[in-house]
S.K.: 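My questions all concern the structure below.
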Amino acid sequence: MSTAAHTPELAVFSKDIKSMGLNPLWERTVSQKPGSPCVPNHWKWDDLRPQLLRSCDLIGTKDADRRVLMLENPQMPGSSFIANTLFTGLQIILPGEIAAAHRHTPNALRFVVEGEGAYTAVNGERVMISPGDFIVTPNWAWHDHGNIGTGPVVWMDGLDSAFTKFFGATFREDYPGETQPLYRTEGDSAAAFGSALLPVDYVQGGASPLLKYPYARTLEALHHLHKSQALHASHGVKLRYANPGNGKYPFPTMAAFMQFLPKGFEGKPWRTTENIVFNVAEGSGSVVIAGTRFAFSQHDIFVAPSWCDFAFRANEDCVIFSYSDRAAQEAMGFHRDDEL
Ligand code: GTQ
Ligand code: FE2
């Protein structure tokens with residue numbers, strides 16, 4: 001706050017200019033500190049799963065378009081966002097169902113939670129998805145999903161739709177058919193981009209051209225590094241998913257990570273300007289976020305909003321997926337973190 005003398009004349013001035021769409025900076029009330037109004041929160045899989053199954057009895061993919069339950073920050077009900085910058089949804093698709101093709105300006109990631117036999121089709125290629133897989137849907141790419149298996153399939157959707165909303169740049173189109181034509185062979189994206197090789201004439205675009213980062217390979221990398229190197233005091237063994245086209249993040253906006261915490265791990269508190277959504281792939285433990293302890297088990301989801309410190313404890317070996325707005329924050333020069 002400024003120490004300018006707040007004279008009666010100044011008060012009249014401030015009042016007079018309000019009707020002109022003007023406001024004096026010296027009276028500003030907007031926070032000049034890191035953090036956001038959002039609060040840490042935890043959703044238990046034991047609570048989520050029955051509601052997802054219940055939604056299947058009540059609505060089909062034809063009527064719902066996407067059968068998704070949005071996880072909203074308790075401080076922002078009705079916003080559709082889990083934090084200022086991030087969308088999180090849980091999507092369920094039953095055997096025989098199709099979620100029709102569409103495209104939109106927000107980028108989407110998927111982290112598969114439960115069930116086999118589902119696919120997503122992106123830009124003419126079908127990709128089968130399994131639990132633990134990390135999937136990329138680049139912005140403006142046509143995408144439809146289907147389940148050709150025998151049981152329900154659930155995954156978590158992470159979108160950067162808060163960014164398109166913020167910029168006023170949200171566009172969406174339905175494809176003129178239920179599914180898009182498949183003009184690529186299954187495995188094309190993996191062959192072209194999944195082996196630290198690139199097509200000779202590849203020109204880098206926005207999102208990662210690698211559509212699937214399979215769980216088995218991620219686990220293998222984490223387990224190997226756990227045996228060969230020291231743990232990070234806060235993160236255990238933590239890797240970020242890389243865009244093979246440029247070595248950066250899978251999206252211009254969103255970063256994604258997988259970490260391994262061995263049984264008994266007690267992490268040091270850490271904080272970052274990132275907003276982060278976590279999904280427990282395996283294991284159980286607890287996390288203290290900004291002073292609140294949440295006991296988590298497999299498939300639980302929790303959010304650590306910007307500048308909330310958090311520290312993990314692993315009751316058993318844990319594998320934890322997360323995504324954040326780090327890519328955008330780094331690109332803009334805003335990102336900071338801090339070991340406490
Ligand atoms: O699967 O295409 O959770 O477009 C939100 C918007 C999922 C999707 C969401 C979407 C999708
Ligand atoms: Fe979509």
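Whatever order the structure lists ligands and atoms in, that order sets their numbers, starting from 1.
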S.K.: To make sure I understand the geometry: which N, O or S atom in His104 is closest to the Fe ion (ligand 2)?
M.R.: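 Distance check against the Fe ion (ligand 2) picks out NE2 in His104.
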S.K.: Counting only heavy atoms closer than 4.0 Å, does ligand 1 sit against the backbone of Leu159, its side chain, both, or neither?
M.R.: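 The answer is the side chain.
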S.K.: Is it the case that Gln51 and Arg54 place a side-chain donor and acceptor less than 3.5 Å from each other?
M.R.: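 A pair is found: one side chain offers a donor N or O, the other an acceptor, under 3.5 Å apart.
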S.K.: Could you check whether Arg240 makes a cation-pi contact with Tyr249, meaning its NZ or CZ is under 6.0 Å from the centre of the six-membered ring and within 45° of the ring axis?
M.R.: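 The answer is yes; both the distance and angle limits are met.
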S.K.: Work out whether the distance between some heavy atom of Arg110 and some atom of ligand 1 is less than 4.0 Å.
M.R.: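 Yes, Arg110 has heavy atoms under 4.0 Å from ligand 1.
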S.K.: May I ask you to identify the nearest protein heavy atom to atom 10 (C) of ligand 1, giving residue, atom name and distance to one decimal place in Å?
M.R.: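 Nearest neighbour among protein heavy atoms for atom 10 (C) of ligand 1, to 0.1 Å: His104 NE2, 3.9 Å.
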S.K.: Numbering the atoms of ligand 1 from 1, which are under 4.0 Å from a heavy atom of Asp157?
M.R.: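 Under 4.0 Å from Asp157, ligand 1 has these atoms: 3 (O), 7 (C), 9 (C).
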S.K.: Under 4.0 angstrom from ligand 1, any heavy atom of Met70?
M.R.: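 No, Met70 has no heavy atoms under 4.0 Å from ligand 1.
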S.K.: Using distance alone, with no hydrogens and no angle criterion, decide if His145 and Thr120 have a side-chain donor and acceptor under 3.5 Å apart.
M.R.: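 Yes, because at least one side-chain N or O of His145 sits under 3.5 Å from a partner of the opposite role on Thr120.
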S.K.: If you count the atoms of ligand 1 from 1 in the order shown, which ones are under 4.0 Å from a heavy atom of His145?
M.R.: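 Answer for ligand 1: 1 (O), 2 (O), 8 (C).
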S.K.: Answer yes or no: is there an ion pair linking Asp317 with Lys263, defined by an N-O contact shorter than 4.0 Å?
M.R.: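 Salt bridge flag = no for Lys263 with Asp317.
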S.K.: Does this structure show an ion pair linking Glu173 with Arg103, if we count only N-O contacts that are shorter than 4.0 Å?
M.R.: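 Salt bridge between Glu173 and Arg103, a charged N being under 4.0 Å from a carboxylate O: yes.
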